[in-house]
Peer 1: 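Just passing along the structure, written as structure tokens.
First listed ligand is number 1; within each ligand, the first listed atom is number 1.
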Amino acid sequence: MKIALLGFGTIGTGVYELINLNKGRFSNNLDEPVVISKILDKDPNKHVDPSDQVCKIVTDPALIMDDPEIQIVISLLGGMDFEYKMIKAALEHGKNVVTASKAVLSEYFDELTGIAAEKNVFLRYEAAVGGGIPIIGSLKEELKINRIDEIKGILNGTTNYILSNMTENGADFDDTLKKAQQIGFAEADPTADIEGYDVSRKLAILSTLAYGGVVRDEDIKKRGLSDVSAIDVEMAGDMGYTIKYLGHSKLVNKNQVYTTVEPVLFSKESMMSNVNSEFNIISIKGDIIGELQFYGKGAGKDATANAVVGDALYIINCLKEDREPPYKKLDKKLHKMGNSGFSGRYYLRVNIADNDELAFVMSVMDADKGRENIVISDEAIFYTTSTIQADVFDGLVDRIKECVSDVFYARIYE
Ligand SMILES: NC(=O)C1=CN([C@@H]2O[C@H](COP(=O)(O)OP(=O)(O)OC[C@H]3O[C@@H](n4cnc5c(N)ncnc54)[C@H](OP(=O)(O)O)[C@@H]3O)[C@@H](O)[C@H]2O)C=CC1
Ligand SMILES: N[C@@H](CC=O)C(=O)O
């Protein structure tokens, strides 16, 4: 069985190593060995294992698409446009595809699953959400008799690694982001991680599968994490909370989907607060099973490669047994309601330069008559609000930001 890899970066290398080191294990109950015969990368001089006499690095995708011996294409390129073109081309050439690209899947879910169905080939994407956590297979197979109406989770390893290090070691945001990039947790452009696109794309894929209709990244209300500072981590800690970055969606009245991606304060004792470093947690609520939680490494070479290779082996076994690719139409019409279905008390920090700014912030926050706590220091004003609907509070903060830019706020999860 010949496989081609597109992209020989962090995860591509992990997949190559995993398949090469485990040749015997993968081939035991297969009639032929599993080999990676071609790898597409920009750099033709990248090295494969010197003992590997089969695998070639190529820079021309046609050498993979037009090779009739290649039955599975594993796409691990990152980015959007080129990877979309490659996945589409591979499916159109009748190849089975495995990808970890939440960016491409969340944007082109219906088109790509449609082409896979038309060509009767497999399109698998377990690694696209939660790295090594087997959440996609669970949603598609194990939980299918449930009606799922809520998904929430810590879905990004990079930001969780940053927040954990800020909380536990007093680390600096930018330094820790650089470390996450060096380790290989972050996207090639880490804006996707810290501004919420990565979480939103993952939440879109999970919500699509769980609620039975397409939810896209652009349907999801998101706020980034880049405004968080050491003082916020400290203040949250003093109040008994830990800051986490949450993706949350819920289905109400059968077809209304509420979504949010935002920093949230969890009580220090909660399960969410104790998910640290690159680990992710995903909680699913089904009408039969109740709440289920999935926990594991959400980013990194080995965990992600494990999920990718698992998908490839699934396809290999199906091909061997002549099993058809399953195809479920996800065509329910869902109404995307933004974040108005979420509410709570908020922690708010606004840095102020002078008394005019202080007076302005106080005048805007006067709208919150029941606010609980205000602390004013030389540089900043800190609020704990009363319970407010998420979109209403966003509006108040937008007004504050017309005048003052250094602002951070997070919903207190109760
Ligand atoms: N890292 C992680 O923990 C996880 C990653 N993923 C997903 O897996 C995918 C791969 O991620 P990762 O391995 O970290 O990314 P990397 O950036 O480490 O690897 C991507 C590789 O593809 C190459 N590449 C990009 N564009 C082209 C092109 N046009 N032609 C040829 N080669 C190209 C890159 O080359 P160059 O470096 O020269 O640009 C690089 O070698 C992404 O979709 C990511 O979102 C999913 C789960 C976890
Ligand atoms: N950049 C992503 C990688 C895995 O999806 C993350 O940090 O979670």
Peer 1: Would you mind running through ligand 1 and noting each atom that sits below 4.0 Å from a heavy atom of Lys46?
Peer 2: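 Ligand 1 atoms under the 4.0 Å threshold to Lys46: 41 (O).
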Peer 1: Is the contact between Asp198 and ligand 2 made by the side chain, the backbone, both, or neither, using heavy atoms and a 4.0 Å cut-off?
Peer 2: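 It is the side chain that gets close, since no backbone atom is under 4.0 Å.
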Peer 1: Side chain, backbone, both or neither: which part of Glu278 has a heavy atom under 4.0 Å from ligand 2?
Peer 2: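 Neither part.
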Peer 1: May I ask you to identify, for Asp193, whether its side chain, its backbone, both or neither come under 4.0 Å of ligand 2 on a heavy-atom basis?
Peer 2: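 Within the 4.0 Å criterion, Asp193 contacts ligand 2 through side-chain atoms alone.
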Peer 1: Just heavy atoms, cut-off under 4.0 Å: does Phe82 contact ligand 1 by side chain, backbone, both, or neither?
Peer 2: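 For Phe82, only side-chain atoms sit under 4.0 Å from ligand 1.
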Peer 1: What atoms of ligand 1 come closer than 4.0 angstrom to any heavy atom of Gly7?
Peer 2: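 This gives 21 (C), 22 (O) as the contact atoms.
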Peer 1: What are the atoms of ligand 1, with element, lying closer than 4.0 Å to any heavy atom of Lys102?
Peer 2: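 Ligand 1 atoms under the 4.0 Å threshold to Lys102: 6 (N), 7 (C), 44 (C), 45 (O), 46 (C), 47 (C).
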Peer 1: Short list, please: which atoms of ligand 1 are under 4.0 Å from a heavy atom of Gly78?
Peer 2: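 Listed by number with element: 42 (C), 43 (O).
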Peer 1: Starting from atom 8 (O) of ligand 2, find the nearest protein heavy-atom neighbour and note its residue, name and distance.
Peer 2: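 Looking at atom 8 (O) of ligand 2, the protein heavy atom closest to it is Gly157 N, 2.7 Å.
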Peer 1: So is Arg349 actually on top of Tyr409's ring, under 6.0 Å and inside 45° of the axis?
Peer 2: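 No cation-pi geometry.
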Peer 1: If we set the cut-off at 4.0 Å for heavy atoms, which region of Leu77 has an atom near ligand 1: side chain, backbone, both, or neither?
Peer 2: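 Both backbone and side chain of Leu77 come within 4.0 Å of ligand 1.
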Peer 1: Residue-level breakdown please: for Ala103 versus ligand 1, do any non-hydrogen atoms fall below 4.0 Å on the side chain, on the backbone, on both, or on neither?
Peer 2: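 Neither; nothing of Ala103 gets under 4.0 Å from ligand 1.
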Peer 1: With atoms numbered from 1 as shown, which atoms in ligand 2 lie under 4.0 angstrom from a non-hydrogen atom of Glu187?
Peer 2: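 Taking each heavy atom of Glu187 in turn, ligand 2 has 1 (N), 2 (C), 3 (C) under 4.0 Å.
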Peer 1: Pull out every atom of ligand 1 sitting under 4.0 Å from any heavy atom of Ala100, numbered as shown with elements.
Peer 2: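 Answer for ligand 1: 7 (C), 8 (O), 46 (C).
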Peer 1: Which option out of Ile11, Thr99, Ile183 puts a heavy atom nearest to atom 12 (P) of ligand 1?
Peer 2: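 Ranked by closest heavy atom to atom 12 (P) of ligand 1, first place is Ile11.
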Peer 1: Short list, please: which atoms of ligand 1 are under 4.0 Å from a heavy atom of Glu187?
Peer 2: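 In order of numbering, the contacting atoms are 44 (C), 45 (O).
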Peer 1: Could you tell me which atoms of ligand 1, counted from 1 in the order shown, lie closer than 4.0 angstrom to a heavy atom of Ala299?
Peer 2: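 Selected atoms, number and element: 3 (O).
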Peer 1: Within the 4.5 Å heavy-atom criterion, are Glu107 and Met80 side-chain neighbours or not?
Peer 2: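 Heavy-atom side-chain distance check passes, below 4.5 Å.
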Peer 1: Taking it one step at a time, do Ser249 and Thr259 satisfy side-chain hydrogen bond (donor to acceptor under 3.5 Å, both in side chains)?
Peer 2: CA-CA 4 Å; Ser249 75; Thr259 51; over 6 Å; no
Peer 1: Once you restrict to heavy atoms under 4.0 Å, what part of Lys301 touches ligand 1? Side chain, backbone, both or neither.
Peer 2: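 Contact part for Lys301 vs ligand 1: neither.
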